[in-house]
Amino acid sequence: MTINIDKKQFQQDLISWFLAEKRDLPWRRTADPYQIWISEIMLQQTRVDTVIPYYKRFVEKFPTLQALAEADEQILLKEWEGLGYYSRARNLQAGVKEVAENYGGIVPDNRKEFSALKGVGPYTAGAVLSIAYGIPEHAVDGNVMRVLSRILLIEEDIAKPKTRKIFEEAVTEIISHDDPSSFNQGLMELGALICTPTSPKCLLCPVREHCSAFDEGKQQDLPVKTKAKKNKAMQYAMIAVKEGDCVLMEQRPSTGLLANMWQFPMVELAKEALPLEIEEELSENFSGVVDGVEKITSFKHVFSHLTWNVDGYIAKGENLILPAHMKWVTAAELELLPIAGPVQKMKTALQLRGDV
DNA sequence: AAACCGGGGTG
DNA sequence: CACCCAGGTTT
């Protein structure tokens with residue numbers, strides 16, 4: 001990788017712009033490595049505007065590393081509810097527990113130790129080390145790859161895992177050692193505000209004079225990125241089984257999609273099913289009596305890699321023998337269980353009917 | 001290297 | 001509606 005920019009001038013132009021134009025974000029008001037760590041985990045695959053309210057609630061609820069280390073997982077997941085990628089929350093807590101136990105509660109200040117923690121990959125390690133500790137480590141995310149692909153005219157496919165190394169080497173070469181934090185944040189802020197995926201605002205760009213893509217009119221063609229395969233559709237019945245004031249809930253397995261989250265019992269269907277068939281299917285699962293099955297709603301939930309087509313039913317249960325991952329809850333208890341998007345849609349439909 | 005893991009925004 | 005965005009872990 002040959003880098004033909006004036007490094008010192010580039011650093012100064014980028015950092016000056018960042019210091020003048022940076023957004024006032026909650027995690028930019030703390031120097032606490034623990035809180036900066038939380039922000040970087042939340043910001044993975046998630047937009048700034050979405051993260052802000054979650055971050056504020058989260059640091060209020062778990063203000064110290066020790067508080068998070070000791071938190072109950074269900075409380076933790078409830079705080080994360082709606083943010084998605086729930087394994088981030090569980091991995092963060094695992095990492096925090098390691099720091100509490102093995103590092104006396106002090107977040108490690110070197111890449112080797114920090115990136116060995118659960119949920120901390122190359123990007124997060126570099127981001128926290130540079131922002132919290134001022135260490136000149138690369139922090140290459142999608143924004144940085146887009147920005148640098150244009151400035152340095154790098155035409156490798158950024159969807160390929162090995163391409164990230166090219167960008168890490170480039171950042172290592174050009175990062176400011178006087179202010180690594182503003183340099184890394186400046187690259188990402190530039191990607192968010194100016195050097196956007198479509199229609200980059202080159203006329204407002206503080207480093208336009210350093211940009212090879214702009215020079216050659218290729219900014220719209222970069223970065224090169226092959227696109228992902230399309231997703232797969234699944235058909236489910238989701239059933240709110242009621243007995244008295246209680247409704248039946250089940251916890252998902254501890255691995256895989258929506259791990260450890262709660263839901264109304266679900267059954268996968270080969271195709272759309274009739275209420276009577278749902279009744280038979282359920283009775284087999286519960287070794288008890290389920291009847292009065294009635295369809296109340298129908299909705300779709302799209303994940304990145306698959307789509308759930310869900311038919312929502314209510315039913316009455318009687319003397320059911322429950323497997324270990326199921327329990328009866330009252331309306332108040334239901335509010336405390338962490339649930340993901342599709343289950344929230346079902347819950348809302350039930351609440352509109354006055355069923356829960 | 002490829003597959004798995006959510007949710008929200010834009011055009 | 002179709003399409004875009006994106007870091008870490010597991011296989």
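For the numbers below, each heavy atom of this structure counts, side chains included, while hydrogens, waters and symmetry mates do not.
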Test: E173(A) and K7(A) ion pair at under 4.0 Å: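 A salt bridge links E173(A) with K7(A).
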
No-hydrogen, no-angle side-chain donor-acceptor test under 3.5 Å, Q45(A) and R88(A):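 Short answer, no.
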
Flag for T297(A)-R353(A): side-chain donor and acceptor within less than 3.5 Å: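 Checked: R353(A)/T297(A) side chains show no N/O donor-acceptor pair below 3.5 Å.
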
To the nearest angstrom, how far is [X] atom [atom1] from [N] atom [atom2]?
X       : N      : atom1 : atom2 : answer
L258(A) : dG7(B) : CG    : C1'   : 11 Å
F303(A) : dA6(C) : CZ    : C1'   : 17 Å
K165(A) : dA1(B) : NZ    : P     : 9 Å
W37(A)  : dG7(C) : CH2   : P     : 18 Å
R252(A) : dG6(B) : CZ    : C1'   : 12 Å
R47(A)  : dC5(C) : CZ    : C1'   : 5 Å
Q344(A) : dG6(B) : CD    : P     : 16 Å
W80(A)  : dC5(B) : CH2   : C1'   : 14 Å

Is the phosphate of [N], meaning OP1 or OP2, less than 4.0 Å from a side-chain N or O of [X]?
X       : N      : answer
K162(A) : dA2(B) : no
H301(A) : dG7(B) : yes
R88(A)  : dG6(B) : no

I'd like the [atom1] distance from [M] over to [N], given in whole Å.
N       : M      : atom1 : result
dG8(B)  : dT9(C) : P     : 23 Å
dG11(B) : dA6(C) : P     : 15 Å
dT11(C) : dG6(B) : P     : 15 Å
dC5(C)  : dC5(B) : P     : 22 Å

Whether Y55(A) side chain and T50(A) backbone form a donor-acceptor pair below 3.5 Å: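 Here the side-chain-to-backbone pair does not exist.
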
Toward the 5' end of DNA chain B, by each residue's nearest nucleotide, D49(A) or L257(A):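 In this pair, the answer is L257(A).
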
Residue whose nearest DNA chain B nucleotide is more 5′ - P342(A) or S199(A):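 Between the two, 5'-proximity favours P342(A).
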
W80(A)/Y85(A) aromatic ring centres below 6.0 Å: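 When the ring centroids of W80(A) and Y85(A) are compared, they turn out to be at least 6.0 Å apart.
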
Result of checking T163(A), I166(A), V171(A), I158(A) against V140(A) for side-chain contact (heavy atoms from CB on, under 4.5 Å):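 For V140(A), the side-chain contact (heavy atoms from CB on, under 4.5 Å) check succeeds only for V171(A).
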
Sugar-phosphate only, base, or nothing, as touched by A340(A) at under 4.0 Å among non-hydrogen atoms: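 Sugar-phosphate: the residue A340(A), judged by heavy atoms under 4.0 Å, touches backbone atoms but no base.
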
Sugar-phosphate, base or nothing in reach of R146(A), heavy atoms under 4.0 Å: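 Counting heavy atoms under 4.0 Å across all strands, the contact made by R146(A) is with sugar-phosphate only.
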
side-chain contact (heavy atoms from CB on, under 4.5 Å) between F167(A) and V144(A), worked out: CA-CA 8 Å; F167(A) 288 93; V144(A) 170; 5.5 Å; no

Provide a list of protein-nucleic acid N or O atom pairs under 3.5 angstrom, restricted to nucleotides 8-11 of chain C.
residue : atom : partner : partner atom : Å
dG8(C)  : OP1  : G121(A) : N            : 2.9
dG8(C)  : OP1  : G121(A) : O            : 3.3
dG8(C)  : OP1  : T124(A) : N            : 3.0
dG8(C)  : OP1  : T124(A) : OG1          : 2.8
dG8(C)  : OP2  : Y123(A) : N            : 3.3
dT9(C)  : OP1  : G119(A) : N            : 2.4
dT10(C) : OP1  : K118(A) : NZ           : 3.3

Qualifying residues under salt bridge (charged side-chain N to carboxylate O under 4.0 Å, His left out), relative to K347(A), sequence neighbours excluded: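 Residues passing salt bridge (charged side-chain N to carboxylate O under 4.0 Å, His left out) with K347(A): E335(A).
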
